[in-house]
There are 2 protein chains.
Amino acid sequence: MATNELIERLLDTTESDAFEGVIDALQALDDSTFAPDDSPKSVAEAAALVGLSPHTLRYYEQEGLVRPGRNSAGYREYSALNLRRLVFLTRMRMSGMTMQDLKRYIALVERGAETEGERREIMLAQRDRIRRQLRELTLALVTTEYKLRSYGGHPDG
Amino acid sequence: MATNELIERLLDTTESDAFEGVIDALQALDDSTFAPDDSPKSVAEAAALVGLSPHTLRYYEQEGLVRPGRNSAGYREYSALNLRRLVFLTRMRMSGMTMQDLKRYIALVERGAETEGERREIMLAQRDRIRRQLRELTLALVTTEYKLRSYGGHPDG
DNA sequence: CTACGGATTCGAGTGCACTCGAAGGCAAGC
DNA sequence: GCTTGCCTTCGAGTGCACTCGAATCCGTAG
């Protein structure tokens, strides 16, 4: 998977120009991975593409986070744009953003460009949370490495 | 806070010797931070030191994760060893280890040194989970950076 | 002696994010 | 035309990890 390679490059990067380049590359990769063509996807197909269950996708819709179209039989049809939205939602959820905050954010998106300032605030707060989590996770990683090294030594669990 | 500096050094480190050195340094720092002296701590003091609520500490005890002593009045007394255990528990919880797995692990610890092999397996699995999470968080960070850069541009939320 | 903060136990309640089940509709294959 | 399988809606149920409340006990300060 080329994503890993790009992430490695990102983590090694210090100049902000290269950083931006990698971000764009990852975005392009996302688009081709999650929306391989323009044909609308059923709820099952969309779920498989983004790694959620059909149930969860319906739940997200009910909460106002996505609005897929409907075909003549009333079935959901997820466009490439819908899929991009779903990928964004899963990323944010995985990074600990709550459903409530996500609903607030998406409501702003639907209200249009004049809400960008407020959205920016939300994303800045989210970035801080992610950074703090990265720190905590690193600490946890250190702790498990320490445990792994200590077997046969320290007796304190 | 010196922890951050040590983490920076850790993340910049490639030789495994230096890696181990930093791990030990962090462990020593932990010990002095969370058990400043040898006097046993009350449930409120212990909670403040590790950043949990007294309620949660009692809950952990009820689940068999710590066994603080008791004073003559029946109050809990957390020793330095108990505190180390609590720090470990919070680190593992923060990194997404479930209460069930933690209970399993601690039960093995209490059974003594002959369970080290099994404990090692659990910690290896935990390390993998943490690494995966680091990857997911990085992806989420990239996504929020992308959003932050895109305001004024892309119209797709 | 009494008030007070903080300790104890126990079981019940909360919030989050799904997750499921029931009852039924639609379209392709035999 | 009937089965099969995925689709629909709706409300209810689940699992996790706390979190709280009520009733009671302990020890120091005034």
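Within every chain, numbering begins at 1; the chains are lettered A, B, ... in the order of the sequence lines, protein sequences first and strands thereafter.
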Checklist entry - Has K147(A) got its NZ or CZ under 6.0 Å from the middle of the six-membered ring of F88(B), at an angle within 45 degrees of the ring axis? => result yes
Item to check | Position toward the 5' end of DNA chain D (nearest nucleotide), S72(B) or P54(A) | outcome: P54(A)
Checklist entry - On DNA chain D, nearest-nucleotide positions of N71(B) versus A44(A): which is more 5'? => result A44(A)
Checklist entry - So what does S53(B) touch, heavy atoms closer than 4.0 Å: a base, only the sugar-phosphate, or nothing? => result nothing
Checklist entry - For DNA chain C, which nucleotides open and close the run of contacts to chain A, 5' to 3', at under 4.0 angstrom from a non-hydrogen atom? => result dA17(C) to dA27(C)
Checklist outcome for this item: Rounded to the nearest 0.5 Å, the CG atom of L52(B) sits from the CZ atom of R93(B) at a distance of 10.0 Å
Next on the checklist: We want to know whether R111(B) and T115(B) form a side-chain donor-acceptor pair, criterion being a heavy-atom distance below 3.5 angstrom.
Outcome noted: no
Checklist entry - When you check the phosphate oxygens OP1 and OP2 of dT9(D), does a side-chain N or O of R58(A) lie under 4.0 Å from one of them? => result no
Item to check | Carboxylate-amine/guanidinium contact E63(B) R104(B), below 4.0 Å | outcome: no
Checklist outcome for this item: Assert: residue with more 5' nearest nucleotide on DNA chain C, out of Y60(A) and Y75(A), is Y60(A)
Can you check the [X] [atom1] to [N] [atom2] distance for me, whole Å?
{"X": "E77(A)", "N": "dC6(D)", "atom1": "CD", "atom2": "P", "result": "18 Å"}
{"X": "K41(A)", "N": "dC6(D)", "atom1": "NZ", "atom2": "P", "result": "18 Å"}
{"X": "H55(A)", "N": "dC10(D)", "atom1": "NE2", "atom2": "P", "result": "15 Å"}

Checklist entry - Transitively linked via ILVMFWY side-chain contacts under 4.5 Å: Y59(B) with L83(B)? => result yes
Checklist entry - Can M94(B) be reached from V66(B) by stepping across I, L, V, M, F, W or Y side chains whose heavy atoms are under 4.5 Å apart? => result no
